[in-house]
2 protein chains.
Amino acid sequence: MSQSVTTPEPITASHIRTILSQHGYRITSPRQRIVEQALLHDRPFTAEQLVAELRNHEDGSESNIGRATIYRTLEILASMDVLSRVIQPGGHAAYVVDAPGHRHHLVCSQCSATVAFTSCPIDELVQDLIADTQFQIHDHMLEVFGLCPECQPPTNGT
Amino acid sequence: MSQSVTTPEPITASHIRTILSQHGYRITSPRQRIVEQALLHDRPFTAEQLVAELRNHEDGSESNIGRATIYRTLEILASMDVLSRVIQPGGHAAYVVDAPGHRHHLVCSQCSATVAFTSCPIDELVQDLIADTQFQIHDHMLEVFGLCPECQPPTNGT
DNA sequence: ACCAATAGTGAGACATTGTGTCAATACTGA
DNA sequence: TCAGTATTGACACAATGTCTCACTATTGGT
């Protein structure tokens with residue numbers, strides 16, 4: 001089966017709690033709420049989006065989470081590879097929940113549905129680039145954009 | 001030899017003027033100044049950088065070019081493939097002067113020196129992704145980051 | 001060369017996204 | 001329980017980009 005594409009093992013809030021404390025971070029109530037809210041998304045979300053969602057908490061809890069806390073927490077989660085920072089087609093940054101090791105994403109330009117993939121065909125290119133330019137190459141960014149099946153226009157057949 | 005890397009044919013201001021009018025844009029003095037300033041750069045520059053450079057015009061011309069004009073003009077130039085929008089290592093957007101067709105860049109994380117390359121190894125990957133996901137794939141973004149020869153630490157000899 | 005039509009400009013207000021500060025708070029281990 | 005300290009939240013601030021709108025300058029026709 002398609003071993004190159006799917007992300008079959010969803011991460012859980014308690015798993016993230018474990019990772020947090022393993023890294024020496026405290027488990028606080030804002031962090032838990034942020035993690036839970038992030039896990040609700042199966043497509044990229046922006047920090048501001050989370051800010052808004054956590055502000056209108058419908059269950060009556062009026063305690064706001066500060067914007068800075070959300071940005072900080074997302075940074076932490078990204079640094080632990082729980083989230084990935086991705087660039088949206090428009091050029092804006094967003095986060096996706098991700099399993100560690102995954103690096104690249106296929107993103108629907110219309111609805112932002114996202115598929116992670118691990119195969120990375122640039123190794124050979126990197127060798128050529130090193131030979132040609134004498135750069136030391138440390139990192140790369142690869143994002144693929146298109147239309148997911150649901151957003152594609154119907155094939156005209158009635 | 002390195003046919004995959006260099007960008008040997010620099011574009012000129014008058015060439016850009018031609019392209020502009022071919023696309024129905026007027027040749028205005030702000031646009032000419034923006035184009036000339038952009039051509040001075042051989043590495044990525046941000047819109048704000050151009051704003052600053054065009055503000056301190058040292059030749060005594062006190063006419064400022066509005067920020068909006070600069071952003072608009074850069075957008076136009078990018079839409080005509082005279083410039084490319086690239087993502088800097090930090091995640092910020094910048095522009096590089098580029099020959100049409102070139103799409104990817106190798107960028108030094110330290111000094112932002114940039115090398116354009118045309119080879120693009122993702123065609124095969126794209127086929128796999130289409131087969132696995134049924135996406136229609138329209139575009140992709142690939143940026144490679146590293147250290148240029150001048151910014152690399154010395155090899156520890158001595 | 002002149003004119004009218006209209007694309008383009010510039011200034012600044014505004015929006016968005018993100019960072020820094022710092023007193024107050026809450027988590028943790030003892 | 002308590003103290004130590006990581007963390008929080010509110011807000012100020014910065015950077016980057018968008019929008020508006022009256023004014024200006026370019027262009028094509030004459």
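The figures that follow rest on heavy atoms only: side chains count, while hydrogens, waters and symmetry mates do not.
- Terminal axes of the helix from C/dA1-D/dT30 to C/dA30-D/dT1 (five pairs each, C1' rotation axis) are separated by 40°, to the nearest 10°.
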What's touching nucleotides 26-30 of chain C from the protein side, N or O pairs under 3.5 Å?
unit_1	atom_1	unit_2	atom_2	d
C/dC27	O2	A/Arg26	NH1	3.1
C/dT28	OP1	A/Ile27	N	3.4

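- Residues meeting the side chain to side chain donor-acceptor pair (under 3.5 Å) test with B/Gln127, sequence neighbours left out: none.
- Remark: A/Arg31 CZ to A/Ile70 CD1 distance equals 13.0 Å, nearest 0.5 Å.
- With sequence neighbours excluded, no residue forms a salt bridge (Lys or Arg N to Asp or Glu O under 4.0 Å) with A/Glu36.
- Take A/Thr18 and apply the side-chain contact (heavy atoms from CB on, under 4.5 Å) test, not counting sequence neighbours, and it matches A/Gln22.
- Residues passing the side-chain contact (heavy atoms from CB on, under 4.5 Å) test with B/Thr69, sequence neighbours excluded: B/Pro30, B/Ile34, B/Ile65, B/Arg72, B/Thr73.
- Listed here is the closest heavy atom pair of A/Phe117 and A/His105: CE2-C, 3.6 Å.
- Two different hydrophobic clusters hold A/Leu125 and B/Leu147 under the rule that ILVMFWY side chains link at heavy-atom gaps under 4.5 Å.
- Contacts of A/Cys120 classified as side-chain contact (heavy atoms from CB on, under 4.5 Å), with partners at least two apart in sequence or in another chain: A/His104, A/Ile122, A/His140.
- The CZ-P distance, from A/Arg55 to C/dT16, rounds to 13 Å in whole Å.
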Protein heavy-atom contacts under 4.0 Å, written 5' to 3' over nucleotides 17-23 of chain D as B (base), S (sugar-phosphate only) or - (none), form the string BBBB---
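- For the segment residues 14-22 of chain A, no residue has any heavy atom less than 4.0 angstrom from an atom of DNA chain D.
- Take A/Arg26 and apply the side chain to side chain donor-acceptor pair (under 3.5 Å) test, not counting sequence neighbours, and it matches no residue.
- Annotation: side-chain contact (heavy atoms from CB on, under 4.5 Å) contacts of A/Ala131 (sequence neighbours excluded): none.
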Report all side-chain donor-acceptor pairs from residues 44-52 of chain B shorter than 3.5 Å, counting only partners two or more places apart or in another chain.
unit_1	atom_1	unit_2	atom_2	d
B/Thr46	OG1	B/Gln49	N	3.1
B/Glu48	OE1	B/Arg67	NH1	3.1
B/Glu48	OE2	B/Arg67	NH1	2.6
B/Glu48	OE2	B/Tyr71	OH	2.6
B/Gln49	OE1	B/Thr46	N	3.1

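- Closest of all the heavy-atom pairs between B/Val115 and A/Phe135 is CG2-CE1, 4.0 Å.
- Look at CG on B/Leu50: it is 14 Å from C1' on D/dT16, rounded to the nearest Å.
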